Amino acid sequence: MKLQAVKGTRDILPNRQAFWHHVIGRVGSVMARSGVREIDVPIFEHTEVFTRSAGASSDLVVQKEMYTFTDRGGRSITLRPEFTGGVLRAFIEHGMVNWPTPVKLWSHGPIFRGEQVQRGRYRQFHQVNCELVGLPGPLIDAEAISLLYDALRACGLKDLVVRLGSVGDPEDRARHNHYLRAALNPHREALSEASKTRLVLNPLRLWDSKDPGDQELLKDLTPPLEHLSNEARDHFEGVKSYLDDWEIPVEVDPAIVRALDYYRRTAFEIHHSAIGAQSALAGGGRYDGLIGHLGGPDLPGVGWAFGVDRVLDALTVDEVGIPKESGPDLFLIPLDEEAVGEVARLARHLRAAFRVEHSYRRRNPGRGLRDAERSGAPLAGLRGAAERETHSLTVKDLVSGEQRDILEDNLPAFLRKAGRA
RNA sequence: GUGGAUGUAGCUCAGUCGGUUAGAGCGCCGGAUUGUGGUUCCGGAAGUCAUGGGUUCAAAUCCCAUCAUCCACCCCA
């Protein structure tokens with residue numbers, strides 16, 4: 001069989017690199033200005049990190065969507081299917097409980113999930129992730145959401161809407177699950193196959209179903225948001241009012257449900273129309289209790305992640321102009337065999353301060369200038385017998401067509417001046 | 001995991017009814033041009049027709065399987 005990338009993985013070719021740098025760069029600058037510090041965690045962890053963080057009934061675990069293997073020491077290792085588990089493991093391991101509160105961390109890198117592939121959904125994909133740890137009140141939830149919103153805006157996306165809801169506290173969830181079971185068990189035969197399983201395992205997730213039959217049954221039931229305790233309700237209203245105050249467009253989604261079991265209270269997503277079925281760009285929520293569950297101090301937290309691949313798709317839809325790959329500052333053309341080496345030596349010298357490329361063999365001026373043109377350089381430097389005599393280059397401005405002799409020694413000064421112009 | 005579509009040069013795609021040596025545009029390389037580019041002209045390289053099997057005198061073309069991609073479900077980022 002022909003060698004090819006594994007299903008669900010893909011190469012990021014040189015001409016796409018600028019897009020990635022654009023997104024990571026813009027996000028990084030929003031984070032830096034907001035006091036969020038970057039952290040890198042391993043791409044794989046002990047499997048337990050993720051089974052304990054994602055939760056036993058989550059799809060990651062239940063549907064066996066994790067890339068898990070046994071290493072040579074007999075340890076069960078898993079390629080990270082999310083950032084939160086690893087970041088919180090690092091938080092605990094490095095005693096960040098002693099850092100000033102809140103601890104604000106962001107990361108980006110590849111994530112692995114063994115799901116069915118489709119455009120916008122890959123098995124290795126790139127996420128940007130953010131965790132804000134240590135504060136219980138609604139203000140930090142609102143900051144998390146605004147960080148996410150501002151980061152995506154900074155990338156150039158328009159028409160973003162935050163879908164905000166609350167899954168309540170564990171007691172609210174338990175109450176709601178009980179309520180759903182009681183209401184739907186009599187109709188369980190009418191439910192879709194997937195939803196029958198949900199009814200047993202995790203009834204809350206029924207609200208995720210897009211099956212028309214399921215929707216019909218759910219229509220008359222009250223969604224999770226209506227089942228909140230007073231405290232959770234106040235928390236939700238608090239988040240909402242901060243976001244309203246900051247003029248972030250919010251759509252309340254009373255039936256919002258997240259895939260991972262650890263969410264408490266605040267849950268949110270950001271969607272973008274027009275990128276097909278995979279419209280969710282980002283998601284996140286509050287996870288009080290998770291750090292304690294992982295064996296750390298009992299601290300609250302809130303976090304989110306967005307998929308860089310999908311953001312890039314959405315940017316293409318929004319036709320956001322991303323600066324093209326720029327060419328070198330100078331392109332050198334050797335006009336005879338002897339000049340090939342001379343030009344290479346000169347390029348190496350100039351590369352201490354400038355971007356310089358050259359033809360790798362003797363060129364006639366016409367062909368050489370075509371090479372220079374294609375490289376995207378604004379200036380071409382020709383070197384032949386005449387220039388050798390005077391230790392100079394014939395430097396041609398490829399836009400104006402003007403050209404002049406520049407002594408080798410004067411090239412750095414000349415390029416600096418040209419760069420400023 | 002389910003349903004559907006697709007797979008021909010690096011890219012986008014033609015390829016008739018199954019019939020000789022599989023084509024085009026773009027791109028790439030060279031030349032026209034041993035001192036001046038973008039245009040133009042000429043030439044060249046590049047194909048396991050996704051892979052494997054089958055039917056046939058003969059398969060890119062028909063059949064089966066596998067792999068991959070895309071769309072939807074599902075799920076999510």
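Please read these numbers as outputs of a predicted model, since none were measured by experiment. Residue numbers start from 1 in every chain, and the chains themselves are labelled A, B, ... in the order their sequence lines are given, proteins ahead of strands.
Between the CG atom of A/Asn364 and the C1' atom of B/G37 there is a distance of 11 Å, given to the nearest Å. Here the P atom of nucleotide B/G35 and the CG atom of A/Asp336 are 11 Å apart, to the nearest Å. One can place CD of A/Glu373 at 12 Å from C1' of B/U39, the figure rounded to the nearest angstrom. Protein atom CG of A/Leu148 is 11 Å distant from nucleotide atom C1' of B/A77, rounded to whole Å.
In summary, the side chains of A/Tyr149 and A/Arg153 do present a donor paired with an acceptor at a separation below 3.5 Å, with no hydrogens or angles considered. Side-chain atoms of A/Glu131 and A/Thr84 form a donor-acceptor pair, as typed in the model, at a separation below 3.5 Å. Remark: the A/Trp207 side chain and the A/His176 side chain contain an N/O donor-acceptor pair separated by less than 3.5 Å.
No donor-acceptor distance shorter than 3.5 angstrom exists from the side chain of A/Arg383 to the backbone of A/Ala339, with no hydrogens or angles considered.
Residues A/Glu269 and A/Gly401 both approach RNA chain B. Their nearest nucleotides, taken by heavy-atom distance, put A/Gly401 toward the 5′ side.
You won't find any donor-acceptor pair under 3.5 Å spanning the side chain of A/Arg374 and the base of B/C28, going by distance alone.
In RNA chain B, stems built from 3 or more consecutive Watson-Crick or G-U wobble pairs, each with both distances under 3.5 Å, span B:1-7 with B:67-73, B:10-13 with B:23-26, B:28-32 with B:40-44, B:50-54 with B:62-66.
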Expected rows: protein N/O vs nucleotides 9-13 of chain B N/O, under 3.5 Å:
none

